[in-house]
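Working notes for the structure below.
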Amino acid sequence: MEDNLREGRPIHILLVDDDEVDAELVVRSFQKHAIDHPVTIARNGMEALAVLRGESGDHPLPRPNMILLDLKMPKMNGIEFLTELRRDEYLRDSVVFVLTTSDDNQDKAAAYHQCVAGYILKGKAGADLSGALGLFREYWAVVDLPVGDV
Amino acid sequence: MRNRYRTKTVLADSQGHERGPSYEDLLRTNHALREELHQVRQFLLSLADGKAGSPAAQRAGQMYKFFVDMAPIGMARTDAETGVILGANRCFHEMLGYDYGELPGKRFTEITFREDRDENWSHFRNVIENREHRAVFEKRYIRKDGNLVWARVVTTNIFDVERPYVVAIIHDLTEQKATEEALAIKTRQTECLSSMRLKALTAENLQVLFDHVVNETRVALGVDFVKILELDAAGDGKSLLLRSGVGWRPGIVGAARVYTGPQSQAGYTLAVENPVVVKDLNRETRFSGPALLREHGVQSGMSVIIPGQNRPFGVLGAHAKSRRAFTDADVDFLQNVANLLSVSIRHLWAEAELNASEARFRAIFHNAAVVIAITDPNGNWLDFNNQLCELTGYSREELLQSSFQAITHPDDLRADLENLEQLRAGLISSYGMEKRYLRNDGSIVWIHLAVSCERGQDGAPDYFIGIIEDITEQKRAEELLRKKEEALRTLNATLEHRVRDRTEELIRRNEELDQFAYVASHDLRAPLRAIQSLAGWIKEDSWEGLTETSQRHLNLLQGRAQRLETMLNDLLAYSRADKSKGQLRRIDPNQILKEVVETIPHSHDFTITVQTGMPLGKGYPVALELVFRNLLENAIKHHDRQHGIIKVGARDMGDMIEFWVTDDGPGIPPDYQDRVFEMFQTLKPRDVVEGSGIGLALVKKTVENHGGRVEVESSAKRGTTVRFTWPQYEESWDGGQPEGREADSHPARG
């Protein structure tokens, strides 16, 4: 499939996952599918917030961005992160896709309660997450995201 | 004057039965007779006063002669000195059976019975010598034919004539005597009957009575023999036994038998059902015997039936050696005696029965195994058998002074009295209760009491009847039983508790185990996936840079990782295997097999034949599918050739179905057959075989969970058959629609 991306406009991906291998898998998948959007990795919810807010000297994560969120993480798990995210005035409009192994209905409900864009099971996403990546490509191609700080 | 004495006066009693003249009748007749005599005498005397010779006197004389001649009583003149009869009238002649005119010239002593002569003569002399003016006496004349005739004579002497003579008025007493005789007989018989009646009342037994009766009867009738024959004393109905008798030869009474055929007098009597009178046995035509009578020289007799209840008791007979003509009165008497006997027999028999019955009741009363007791309406002991003394320990005397209330346990007294009140009032007809008596030593004995009431004519209670049973043993047994029951109940409760606890524990463990299996398999996946991914990446990134050894290692790594995944999947499936998904259903095996065959990998290389029309099963469709899937997958996996034949069949075994899956693969060596169902058992090296080895263990667990059994057959060189049983669906069981599997369940797949 041809990439149908906005000209020169990168989408900053924030991958929130404590599992190194899982994170690696996502990265490698992106590479395999020739997606060269920048990917930042945060190991847990707190780190993710720090990245988004631009703490400890870094700039906040530029817009447009998209968050791929795992749920089972130490220190601050996915749902907790979402809760915090939606409370943040500047961050509450973030686009979040949950990417997790948890098939638990309660997790799904909690996630959607925090207005996630979608809930993807790693197991169903296909080998190398091709299913998910296909989804994202379409998403970026078709959907508009606002740019900059507004 | 009417001739009262030629015509027989017939007197009858109130029932019209002829009877002899009574004493009063005789007196009346006598009185009339005297009157006439008196008149005659007056007439005679008046004649004596008259003059002889005058025409009046001659006429009177002729009248006198006529009168005397035709008088209906005997008249005679006898010379005072010689006693020669000077004249006698017709009547006198007739009385003595002489022709008219034969008597004058005879001395009166000649025609007087020898025994009466002296008395007669003395009266005669008295009259002549004027010591008596008139003599009245009774004597017997001798008739011409030699027979005697009783007469009453009234004599007077006539003095004032030339030759004194004695005038006699003779009254024929034959009938009177006969009447007297009859009366005497009657009186005697009546006395006999009375005596017999009295004896009947006091006789101890029938034999005593019989013996008395036969003797009295003989005297009363003046016969030579009397006998009482009892019918059927020997039981054959054909003979009569001589129960009692008088006049017979020794040894006869009590032994002799007379047969009841009509040949004997007794038999004939029974046959005609009426008294039988025999005037002359030798001339008798109605019957010929019996020999008994002939042997004793019997010539005449009578026999009557002694009545009985349903049939005659026997025959009463009276016999004489002479040819006597028995009168109706005799027969009546004999029948009276027979009737008396009959009544007595009945009474004595009834009395004997009563005594026997009484004796039986006494026996029951005293020998019963229980206490039988009687109290008055107030509860005082009236009578009881000795068992009460044994039960209570009190003596008979002590109890008779006491009442049941006195020996009743105070706790039971109220209930007892309440029941008694109801009984007394007639609200209930009896009651039963368990209660305690206090023995004389103070100990308690449990009894069962049943009380009823005997009432008098007016309905008021006369006495209470109690049946009392010692139930000590029973109570003890009851108590024991109760204790045992309690112990049992406690034990039961304890056991149930334990079972409950164990069951809970078991359930908990199972749940833990399942949860563990689930969690384990689930949580183990994550690192497994990571391993698989990493191994894959290394391969992708650095394959060429690896040494051959490392390449081989990397492949092994991936293989093991895969194996681990399979094992985890199977473990997960196994843990889920007995979790019910929905309800028990009707299962169509053909439907399940169709789907399984379609979805098994490599199944198109193999020829899988499924028998059609399999019987419907009962259970969880998922479970049966699991079994079939595993068995078929196994058969395929373990086959050593690319193509093979697998057959699936089923057989109706009643409440179970037997399924089998047969393949023509390499088979399982006998040594390994018993390990085949254990978990993770494979025959070949782990790397060669894709299966985890859990398949058959899974099959076994599932089948056994449903109540079936599984076994493997692999006896020949090649081929394996796995057989298992599965519960069959019965028509009477309503379990829902037949389905291959539930629509929304996931097949157990790795």
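Residue numbering restarts at 1 for every chain, and letters A, B, ... go by the order of the sequence lines. Just so you know, these numbers come straight off a predicted model, no measurement behind them.
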Exercise. CD of Gln106(A): more than 12 outside heavy atoms within 6.0 angstrom?
Worked result: no
Exercise. Under 4.5 Å, heavy atom to heavy atom, which residues of residues 42-51 of chain A contact chain B?
Worked result: none
Exercise. Can you say whether Glu20(A) sits under 4.5 Å from chain B via the side chain, the backbone, both, or neither, judging by heavy atoms?
Worked result: neither
For this session: Take atom CD of Glu505(B) as the centre, draw a 6.0 Å sphere, and report whether it contains more than 12 heavy atoms from other residues, nucleotides or ligands.
Result: yes
Problem set entry | Lys32(A) versus chain B, the contacting section by heavy-atom distance below 4.5 Å | side chain
Exercise. Do NZ/NE/NH1/NH2 and the carboxylate oxygens of Asp19(A) and Arg529(B) come within less than 4.0 Å?
Worked result: no
Exercise. Quick check: are there more than 12 heavy atoms from other residues, nucleotides or ligands sitting under 6.0 Å from CD of Glu540(B)?
Worked result: yes
Exercise. Side chains of Arg28(A) and Asp541(B): closer than 4.5 Å at any heavy-atom pair?
Worked result: yes
